[in-house]
Structure formats: C-alpha cells, structure tokens
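Following: one structure in structure tokens, then a few remarks.
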Protein chains: 2
Amino acid sequence: MTALEPLDQAIVRELAGDGRCSFTDLAERVGLSVSAVHQRVRRLEQRGVIRGYTARLDTEAIGLPLTAFVSLTPIDPAAPDDYPQRLAHISSIESCYSVAGDESYILLVRVPSPAGLEELLRQVREAAKVSTRTTVVLSTPYEGRAPAL
Amino acid sequence: MTALEPLDQAIVRELAGDGRCSFTDLAERVGLSVSAVHQRVRRLEQRGVIRGYTARLDTEAIGLPLTAFVSLTPIDPAAPDDYPQRLAHISSIESCYSVAGDESYILLVRVPSPAGLEELLRQVREAAKVSTRTTVVLSTPYEGRAPAL
DNA sequence: GTTGAAACCATCTGAGC
DNA sequence: GCTCAGATGGTTTCAAC
C-alpha cells in the first residue's frame with residue numbers, strides 16, 4: 001500500500017474535520033482548482049481511502065445514552081471463529097474488533113438503558129457461544145478525533 | 001432531553017449512513033420538501049444532535065495500520081483527575097472513555113507501527129502518571145456502524 | 001494531472017400560509 | 001412548521017494543455 005501524497009493527505013485531513021465541506025472550500029484550503037480537488041476526492045473514494053461519510057451524532061440526544069465495551073471469550077476454544085458474522089445483526093453493536101490478549105473480541109455497544117444492556121448481553125451470548133465481560137462507559141471526554149497525518 | 005421526532009429520526013438515520021447526502025435526496029427519502037428538510041437539519045445541528053460530519057477513512061491507506069486499546073490506571077489514586085486534558089495533545093489518541101471497572105480510562109489509539117505504539121505509551125505515561133495495559137487490535141470486522149434508531 | 005469555462009443542479013432565503 | 005419560488009453559489013463535465 002503506497003503512502004498518500006501530501007495533497008491527498010491535506011484533502012483527507014480536511015474531510016475528516018468537515019465531511020460536508022464543499023469542493024469550492026476544499027479547493028481553497030488545499031490550494032488547487034475546484035476540478036482538480038473534485039477529481040482527487042473521487043479517486044480517493046474509489047481507491048477506498050475514503051470509505052464514506054457520516055454525521056457524528058450525540059448519543060444521548062438519539063436515545064442511546066449508555067455506551068459500553070463488551071469483551072468476548074469463546075466458551076469452546078475449538079469452535080469455528082465466525083463471531084463477527086453471528087453478531088452482525090445486532091444493531092446495538094457499533095464496532096467489533098478482533099484483539100490479541102485474554103479475550104478474542106471487543107465490542108463497542110450503545111444502548112438506551114441498563115435494561116437495554118442486559119438485553120444486548122443476552123442476545124450476544126445467544127448468537128455466539130461466548131462469555132462476556134462488560135466495561136461501562138461513564139463519560140466520553142473525546143471520541144473520533146481526526147487522525148494525525 | 002426530549003426524544004427525537006420520527007421525521008428527525010429518519011433524517012438523522014440517513015445522514016449517519018451518508019453524511020454527504022444532498023438535501024434534495026434527503027427530502028425525497030424522508031418525504032418532505034427540500035426547505036423543510038433543510039430547516040430541520042440546521043435545527044438538529046444547532047441543538048447539537050448532529051455534532052458534525054466526517055469522512056470515514058481507511059486507516060491502513062492513511063498510514064496508521066495499527067489500532068490498540070490502552071487502559072489507564074492512575075499510579076496515585078489521590079491525584080486530581082485531569083487525565084483526558086493532559087492527554088488531549090497526543091494526536092494518536094482517537095478516543096478517550098472514562099470507564100467503570102478496574103481501570104479509569106480506555107483510549108483508542110492509531111499508530112503507524114509497533115515502534116509508534118511504544119512511543120505513544122511513553123508519551124502517555126509521561127503526560128499522565130498512569131500505568132497502562134494495551135490490547136492490540138488484530139483486525140476490525142466492522143466499525144462505526146450507524147446506530148439503531 | 002491540472003485548468004477554465006459552461007451547463008446543470010443544489011443550497012439557502014424570504015414571503016405566504 | 002411547511003411550501004413555493006427565486007437568487008445565489010456549488011457541482012460536474014469537457015475540451016485543452
């Protein structure tokens with residue numbers, strides 16, 4: 001995987017900071033013509049460097065005030081490792097990481113309440129035969145900051 | 001915090017899926033006029049329900065192929081709890097969560113290499129007087145999926 | 001790979017309901 | 001709070017370099 005050119009870096013940095021930034025603004029900020037920027041952004045999208053765009057939401061305002069990390073340990077270590085797939089339909093799971101260490105996976109989940117968390121854990125244990133360890137998030141000083149390029 | 005109206009829910013769901021969706025498209029998808037959608041989106045932004053927009057990037061393509069969770073435990077339990085602030089300048093830290101459990105904080109970090117991780121841990125220990133426990137991410141089956149509304 | 005211009009389309013505002 | 005319509009300004013394409 002070849003490293004990103006400085007101009008593409010600049011574009012990507014701007015779009016990480018403001019995903020709805022117009023091409024006109026973008027062009028000014030990176031010092032290129034509008035068409036050139038337009039072409040480069042399209043190319044970055046097609047190459048998969050930019051995987052998409054999303055609105056960053058206030059989890060409380062949308063009714064999911066409880067965030068938690070759920071670590072997964074397979075009950076049967078010999079079972080086929082298709083946990084992510086088995087859990088994909090559970091929409092409270094925002095992210096799924098395969099990790100090195102004591103556990104096999106770490107999930108980031110968002111639920112409306114402690115009752116929602118209980119329900120989620122039930123679903124997870126049912127869908128994948130795993131034991132779970134849950135770490136409740138008390139507050140989020142910051143999240144999803146733009147990467148350093 | 002009053003719950004989200006169904007129309008606002010629909011708008012927010014669409015923008016979580018495609019943050020660069022035009023107001024024209026958005027209007028069609030939620031069944032409203034363009035101006036009405038426009039007005040509602042602006043209101044959602046001002047109320048802080050929508051906190052911004054970002055490009056979702058391929059971490060490998062931008063030169064940060066190594067992701068890890070770093071758990072923090074204060075060395076002096078009586079020290080003032082200003083860790084997030086003390087760590088905020090470290091740009092490899094994407095997210096910082098205050099958590100219940102054995103540790104006080106969990107950081108999500110992105111670095112170019114194992115050497116970068118080592119350097120990051122040094123920086124973290126220096127900036128905050130904490131001991132760290134690191135869980136390396138091997139792969140990411142999914143991440144940042146749109147929330148269930 | 002960049003530019004500039006032209007055609008098209010989206011954004012945004014304000015008046016009216 | 002929604003709609004319509006008009007003015008502004010952004011997006012997208014294309015020919016040329």
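Below, chain A is the first sequence line, B the second, and so on; all start at residue 1.
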Is any side-chain N of the basic residue among Glu5(B) and Arg47(B) closer than 4.0 Å to the acidic one's carboxylate O? no
Counting only heavy atoms not in Arg122(B), do more than 12 sit closer than 6.0 Å to its CZ atom? yes
Of Ala36(A) and Thr24(B), the one whose nearest nucleotide on DNA chain C sits closer to the 5' end is Ala36(A)
Between dG1(C), dT11(C), dT3(D), which one does the side chain of Ser33(B) approach most closely? dT3(D)
Atom CG of Leu26(A) and atom C1' of dT12(D) are separated, to the nearest Å, by 15 Å
Could you state the CD-P distance from Glu28(B) to dT11(C), rounded to the nearest angstrom? 12 Å
Any luck finding a side-chain donor-acceptor pair between Arg110(A) and Ser92(A) under 3.5 Å? no
Value rounded to 0.5 Å, distance of OH in Tyr142(A) from CG in Leu107(B): 7.0 Å
Taking atom P of dG1(D) as reference, at what distance in whole Å does atom CD of Gln46(B) sit? 12 Å
In whole angstroms, how far is the C1' atom of dT12(D) from the CZ atom of Arg40(A)? 18 Å
Output the rounded distance in Å from CG (Asp25(A)) to P (dG10(D)). 7 Å
Does Glu28(A), at its CD atom, have more than 12 non-hydrogen atoms belonging to other residues, nucleotides or ligands within less than 6.0 Å? no
Assess whether a salt bridge exists between Arg40(A) and Glu14(A), defined as any Lys/Arg side-chain N lying under 4.0 Å from an Asp/Glu carboxylate O. no
Taking atom C1' of dG10(D) as reference, at what distance in whole Å does atom CZ of Arg29(A) sit? 14 Å
For nucleotides 13-16 of chain D, tabulate all protein N/O to nucleotide N/O atom pairs closer than 3.5 Å, reporting atom names and distance.
from: dT13(D); atom 1: O4; to: Ser35(A); atom 2: OG; distance (Å): 3.4

Which whole-number value in Å describes the distance from Phe23(B) CZ to dT11(C) P? 6 Å
Distance check needed: dT11(C) P versus Leu32(B) CG, whole Å only. 14 Å
